[in-house]
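Below is one structure, written out as structure tokens; comments come after it.
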Amino acid sequence: MEIANRVGRPNTAHTEIDAPFDPAAFGLREIGNLASWTVSSCKPGCGIEALRDEDTELFWQSDGPQPHRLNIHFSRLVSIVSIRIYLDFDADESYSPTRITLLAGTGYHDLIPFSDLNFDQPKGWIGVPLDHVGGCSDGKTLRAFLVQVRIVENYQNGKDTHVRGLKFYSRDGERAVREPEWMADPELR
């Protein structure tokens, strides 16, 4: 695992209001469909299906004590070059997260925080900084089996939270899911 622990003050996330984003134009593809998604809790009708839907009017709503967790578990090691979260303070108010921590690892036993985001009335798609995660030659590629998104705090100390979108992108020219080298040898398979 090539994840560097982020040190220093938390990031203040830059929000983009309805900024157009075409992953193909950047040579990226969304890989969330390759993962198994679980949540710490959800209200009926506001689960993973709503979070994964392209419609940002739909949302995941937690239903339990903080921190709220989204677990995105890939069956193989993936190379993630971009993570984007959709939040809407105007629609969600006290359900809006003000602090989110992202962690990654090979499983639940070795999760390492790689980004701590603070928000002030977020609206739109928010890019998660991957500047110091260490993977690949650029040092900006997160390589992990599991990514956990922890909603640590909400606006006005709200109990439950809304997240309207969460996307994971990999380079389209590369295989996001890599097979070990021994898989290519028919005698070893």
Side-chain angles (χ1 to χ4, degrees), residues 1-6 11 13 23 28-56 58-87 97 99-117 125-136 139-153 160-183 189:
M1 172 86 41
E2 299 175 9
I3 300 175
N5 207 356
R6 293 191 60 90
N11 298 316
L28 304 177
R29 65 184 168 113
E30 210 277 328
I31 60 169
N33 61 327
L34 301 176
S36 171
W37 294 62
T38 60
V39 294
S40 54
S41 65
C42 67
K43 295 274 188 188
C46 296
I48 296 167
E49 298 81 19
L51 174 67
R52 296 282 301 140
D53 197 285
E54 295 295 322
D55 183 1
T56 55
L58 301 175
F59 51 85
W60 164 63
Q61 180 175 335
S62 62
D63 186 21
Q66 290 179 342
H68 306 297
R69 291 175 303 282
L70 294 160
N71 298 303
I72 302 87
H73 199 157
F74 295 92
S75 61
R76 297 187 182 173
L77 184 64
V78 293
S79 298
I80 300 167
V81 296
S82 179
I83 301 173
R84 292 168 54 86
I85 301 172
Y86 192 92
L87 303 173
R99 186 165 163 237
I100 296 177
T101 300
L102 288 95
L103 304 95
T106 60
Y108 296 102
H109 64 284
D110 68 351
L111 290 172
I112 299 171
F114 66 88
S115 190
D116 193 20
L117 305 172
W125 285 102
I126 301 160
V128 175
L130 298 177
D131 294 338
H132 298 92
V133 295
C136 294
K140 298 179 182 182
T141 302
L142 178 65
R143 294 178 39 87
F145 283 93
L146 173 65
V147 177
Q148 185 177 85
V149 179
R150 285 186 191 162
I151 294 28
V152 180
E153 186 178 290
D160 290 324
T161 196
H162 288 179
V163 177
R164 295 176 174 268
L166 180 58
K167 303 281 185 182
F168 295 85
Y169 296 95
S170 181
R171 288 188 181 84
D172 197 18
E174 299 177 8
R175 292 187 58 179
V177 178
R178 298 191 184 277
E179 290 185 348
E181 290 179 20
W182 61 267
M183 291 291 289
R189 291 201 299 172

Do Ser75 and Leu34 touch side chain to side chain, with heavy atoms closer than 4.5 Å? no
Is it the case that the side chain of Ser36 and the backbone of His73 share a donor-acceptor pair, with hydrogens and angles ignored and the cut-off at 3.5 Å? no
Mind running side chain to side chain contact (heavy atoms under 4.5 Å, CB included) on Phe168 and Leu166 for me, showing each step along the way? CA-CA 7 Å; Phe168 295 85; Leu166 180 58; 3.7 Å; yes
Ile80 versus Ile31: any side-chain heavy-atom pair under 4.5 Å? yes
Residues Leu130 and Phe114: closest non-hydrogen pair is CD2-CE1, 3.5 Å
Qualifying residues under side chain to side chain contact (heavy atoms under 4.5 Å, CB included), relative to Gln61, sequence neighbours excluded: Lys43, Cys46, Phe59, Tyr95, Asp160, His162
Nearest heavy-atom neighbours spanning Ser79 and Ser170: O-OG, 2.9 Å
Heavy-atom count around Lys167 NZ within 6.0 Å, excluding the residue itself: above 12? yes
Main chain of Ser41, side chain of Trp60: is a donor-acceptor contact present, judged purely on distance under 3.5 Å? yes
With a 4.5 Å cut-off on side-chain heavy atoms, are Leu142 and Ile83 touching? yes
Reported CZ-to-CG distance for the pair Arg143 and Leu77, which is rounded to 0.5 angstrom: 4.0 Å
Quick check: does any side chain N or O of Arg69 sit under 3.5 Å from a backbone N or O of Pro67, one acting as donor and the other as acceptor? yes
How about Arg164 and Thr56: does a side-chain donor come under 3.5 Å of a side-chain acceptor? no
How many angstroms lie between atom CH2 of Trp37 and atom CD of Glu49, to the nearest 0.5 angstrom? 11.5 Å
Is the shortest side-chain heavy-atom distance between Tyr86 and Val163 below 4.5 Å? no
Give a yes or no on whether the backbone of Ser62 and the side-chain of Thr161 come within a donor-acceptor separation of less than 3.5 Å. no
At what distance, to the nearest 0.5 angstrom, does CG of Leu102 lie from CG of Asp116? 9.0 Å
Rounding to 0.5 Å, atoms CG (Leu70) and CD1 (Ile85) come to a distance of 8.5 Å
Where do Ile72 and Ala35 come nearest, in terms of heavy atoms and distance? CG2-CB, 3.4 Å
In Å, rounded to the nearest 0.5 Å, how long is the span from CD of Glu153 to CD of Gln66? 7.5 Å
Which residues pass the side chain to side chain contact (heavy atoms under 4.5 Å, CB included) test with Val81, not counting sequence neighbours? Leu28, Thr141, Arg171
From CG (Leu146) to CG (Leu103), nearest 0.5 Å: 9.0 Å
Which residues share a salt bridge (Lys or Arg N to Asp or Glu O under 4.0 Å) with Arg52, sequence neighbours left out: Glu30
Between Thr101 and Arg99, is a side chain to side chain contact (heavy atoms under 4.5 Å, CB included) present by the stated rule, with each step listed? CA-CA 7 Å; Thr101 300; Arg99 186 165 163 237; 4.1 Å; yes
Residue pair Asn71 / Ser40, side-chain heavy-atom distance below 4.5 Å: no
